[in-house]
Each structure stands twice: as structure tokens, then as C-alpha cells.
Amino acid sequence: MKKYNFNAGPSMLPREVIENTAKQCLDFQESGLSLMEISHRAKNFQPVVDEAEALVKELLQVPEGYSVLFLGGGASLEFCMIPYNFLVKKAAYLNTGVWAKKAMKEAKLFGEVVEVASSADANYTFIPKGWTCPDDVDYLHITTNNTIYGTEIRKDLDVNVPIIADMSSDIMSRPVDVSKYDCIYGGAQKNLSMAGVTFVIIKNDALGKAPRQIPTMLDYRTHVEKGSMFNTPPVVPIYCMLENLRWIKKNGGVEAMAKNAQERADIVYGEIDRNKLFRGTVEAEDRSLMNICFVMNDEYKELEKPFLDFATERGMVGIKGHRSVGGFRASCYNAQTIEGVNALVACMKEFEAKN
């Protein structure tokens with residue numbers, strides 16, 4: 001039986017990316033050594049880092065004056081590194097979910113934090129509107145896609161302060177005006193790579209302003225200066241990222257990824273809205289194209305587990321919703337196929353017919 005991977009992360013990767021990475025794990029560039037055992041300072045690995053960095057810059061049209069870093073620690077470590085490096089006196093945070101709240105918690109260790117808006121009282125079922133950002137903050141922090149709740153900010157905000165964005169789960173799914181951001185960061189295990197590497201796109205002249213001593217490993221300047229090679233980087237995940245970036249470029253770049261994301265989401269949300277058994281969990285205008293969340297309508301609540309079992313039997317993997325939302329979540333990152341979403345929709349229709 002064919003499996004359709006809707007996991008929220010680590011998530012689906014293109015098959016050719018998996019196969020090409022696996023091949024190099026057996027014999028890296030015919031060196032007789034595995035990618036898993038080569039030195040990160042080997043002369044044939046530096047070109048991997050260089051090409052991956054160049055492709056990030058090319059695909060996102062990163063302006064001059066920015067560095068691209070490949071680090072460890074995940075986005076959760078960046079929650080600390082961001083205020084360590086950027087917070088001078090006060091920072092603004094938009095609270096749109098669990099990860100935004102965690103980032104805000106870390107920032108409070110370093111200075112004053114202003115919560116400009118929150119949808120927590122409504123279980124994060126929408127992106128707050130009508131808020132203003134104070135002009136006297138060092139930066140505004142946003143989480144562009146909220147994997148747990150299924151909301152997404154799919155545009156670059158216009159504010160009068162630098163923006164820092166956690167784009168863990170929607171990077172490379174749409175064009176981004178990088179010039180509006182002092183820093184874009186995220187874990188790579190959704191749209192970029194396997195788990196184990198963190199990407200950071202950082203404006204160089206924004207660094208060095210924080211009024212504190214920063215431990216060497218937590219200072220972005222360390223990694224900019226050393227080209228992500230201050231300590232041993234996650235070699236295999238970086239190579240996997242390179243293969244995935246090549247795949248994105250070959251398949252039309254971020255513009256094509258955005259078109260595909262909209263097409264997939266239209267198919268699934270269309271069925272959610274049509275099917276009498278299901279309903280979406282967030283306001284329609286804020287629906288994520290990456291993480292499609294839905295639940296049983298109240299009168300069919302008792303069918304939740306039967307549907308999950310039914311879908312699992314038909315090859316749907318990872319569609320159980322996060323415990324804080326319940327129901328179901330179909331994660332449709334760049335590697336997800338139209339075949340996959342059509343299989344899910346067919347499953348929903350079949351279950352409706354039986355009930």
C-alpha cells in the first residue's frame with residue numbers, strides 16, 4: 001500500500017533528495033568514504049556549503065550585506081540567540097501560537113518585551129489584525145506559519161522597525177522580500193532538509209549593537225566570520241539541504257512552490273468546506289497553506305477516531321492533529337504532491353459516503 005506523508009515535521013522530502021543523499025552516505029563523491037564520516041573541513045565538503053549558501057541567496061533573492069548560516073540547535077536555540085544579539089532595550093512580539101510564545105519567553109530574559117497582539121484567547125484561530133508596532137523597539141518578532149494551529153502570514157509586513165521572523169515551516173514556499181528583515185531563521189526539517197540543521201539569514205550591519213557580552217557560540221558574528229564552520233556543522237543535513245535546494249530550483253523556484261502550495265490547499269480546504277462531516281479550525285483568511293487543520297463537526301464528533309483509523313488504513317500518515325487543537329492536520333510542504341492531497345480528499349469523501 002502506498003503511503004502519503006502528512007507529518008508536520010520532520011516531514012516529507014522529495015524522493016530524489018532522499019535517494020541522492022543516501023547515495024552520498026554510502027560513498028561521498030566517489031571518495032571511498034561516507035558523507036557521515038568525512039571531515040567538515042575536507043576540500044570536497046566546503047563546496048557543498050558554498051553551493052547551499054549560494055542557492056538560498058539565489059532562490060530568495062537575498063540582497064548584498066546578508067549572510068546565510070547553517071547552525072545546530074534548532075529554532076528553539078534561536079529563540080535565545082535572537083534577543084542575545086539584537087535586543088538592546090525593548091522588543092515587540094506578535095503572539096500567534098506556541099512557538100511565538102516560547103520565543104517571547106526567552107526574550108524576556110534580556111530586556112523589555114511588548115506583546116503587540118495575541119490570539120491566545122481564541123486558541124490562536126486567527127492572525128491578529130489592527131495592531132500597531134511601537135516605533136521605539138529594537139525589532140518586531142513574528143512567526144510566519146503556525147504549525148500547530150494552522151494559521152499563516154503569507155506576506156511581508158510593513159512596519160517602521162526591523163523585522164525578525166521564524167520561518168521554520170514556510171521558508172521557500174513563497175517569495176520573500178528579505179530586505180525587510182534583520183534576520184530570518186528556522187529549523188530546516190519542514191521545507192528545506194532533514195532534521196539537524198538550522199538556517200539563519202542575517203543582516204550583517206545589524207550585529208554588534210547589543211550591550212552585553214555574548215558567549216562565543218551564541219554570537220552570530222562568530223558564525224558569520226567563520227562561514228558556519230566555527231565548530232563541526234551538521235554535515236549530512238547540510239548536504240540534504242543542498243539536494244533539496246537544487247530540487248526547488250529545478251522545479252521552478254519559490255514562485256512555483258507558491259503556486260503548488262495554493263493548488264494543494266485549495267483542493268483540501270475545498271473538501272473540508274464541502275464535506276458535511278468536517279470543518280476548518282481557523283478563520284478562512286488566515287488559513288495556512290502548509291498545515292491544514294480541521295476537526296469533525298460537533299454532531300459527528302464520535303467519528304473522529306474511526307476516521308483516523310479509516311484514513312490510516314488507506315495510507316494516510318501523520319494526519320492526527322496536535323493535542324492542543326485535536327482533530328486532524330494535513331501538512332502540505334513543498335514535497336507534498338497533488339496525488340497525495342487527492343488521495344486524502346478521496347478518503348474523506350469515501351468516509352462521508354459510509355457515514
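Everything numeric here is computed off the predicted structure, so don't read it as measured data. Just so you know, residue 1 is the first one in the sequence shown, and it goes up from there.
Counted within 6.0 Å of CD on Glu30, heavy atoms from surrounding residues, nucleotides or ligands total 12 or fewer; the atom is thus considered open. Around atom NZ of Lys101, no more than 12 heavy atoms belonging to other residues, nucleotides or ligands sit under 6.0 Å away.
Screening residues 60-72 for side-chain hydrogen bond (donor to acceptor under 3.5 Å, both in side chains) gives Ser67-Asn204 as the qualifying pairs, with residues at least two apart or on separate chains.
Taking the charged nitrogens against the carboxylate oxygens, Asp138 and Lys89 have no contact shorter than 4.0 Å, which rules out a salt bridge. For Glu19 and Lys23, the salt-bridge test fails: no basic side-chain N is under 4.0 Å from an acidic carboxylate O. Under the 4.0 Å criterion applied to side-chain N and carboxylate O atoms, Asp286 and Lys129 are assigned as salt-bridge partners. With respect to Arg154 and Asp170, no salt bridge is recorded, no charged nitrogen being found less than 4.0 Å from a carboxylate O. Of the charged side-chain nitrogens involved, none lies within less than 4.0 Å of a carboxylate oxygen, so that Lys276 and Glu352 do not count as a salt-bridged pair. In this structure, Glu255 does not pair ionically with Arg174, as no charged nitrogen and carboxylate oxygen lie closer than 4.0 Å.
Glu16 and Asn20 share no side-chain donor-acceptor pair at under 3.5 Å. Tyr139 and Tyr181 share no side-chain donor-acceptor pair at under 3.5 Å. No donor-acceptor contact under 3.5 angstrom links the side chains of Tyr149 and Asn291, judged on distance only. Under the 3.5 Å distance criterion, with hydrogens and angles disregarded, no donor-acceptor pair is assigned to the side chains of Thr125 and Asn123. A donor-acceptor contact under 3.5 angstrom links the side chains of Asn145 and Ser288, judged on distance only. Tyr84 and Asp219 share no side-chain donor-acceptor pair at under 3.5 Å. In summary, the side chains of Tyr4 and Glu339 do present a donor paired with an acceptor at a separation below 3.5 Å, with no hydrogens or angles considered.
In this structure the side chain of Trp99 never reaches within 4.5 angstrom of the side chain of Asn146, judged on heavy atoms. You'll find the side chain of Phe70 stays beyond 4.5 Å of the side chain of Pro233, heavy atoms only. For the pair Tyr220 and Tyr185, the minimum side-chain heavy-atom distance is 4.5 Å or more. Side-chain atoms of Gln336 and Val341, non-hydrogen and from C-beta on, do get closer than 4.5 Å to each other. Thr222 is not listed as a side-chain neighbour of Met217, based on a closest heavy-atom distance of 4.5 Å or more.
Within the 6.0 Å centre-distance limit, the rings of Phe307 and Phe278 are counted as a close aromatic pair. If you look at Phe45 and His40, their ring centroids are not closer than 6.0 Å.
Partners of Lys43 according to the side-chain hydrogen bond (donor to acceptor under 3.5 Å, both in side chains) rule, which considers only residues two or more places apart in sequence or in another chain, do not exist here.
Relative ring orientation between His141 and Phe79 is described as perpendicular, the plane-to-plane angle rising above 60° on a 0-90° scale split at 30° and 60°.
One finds the CD atom of Glu53 at 10.5 Å from the CG atom of Leu55 (value rounded to the nearest 0.5 Å).
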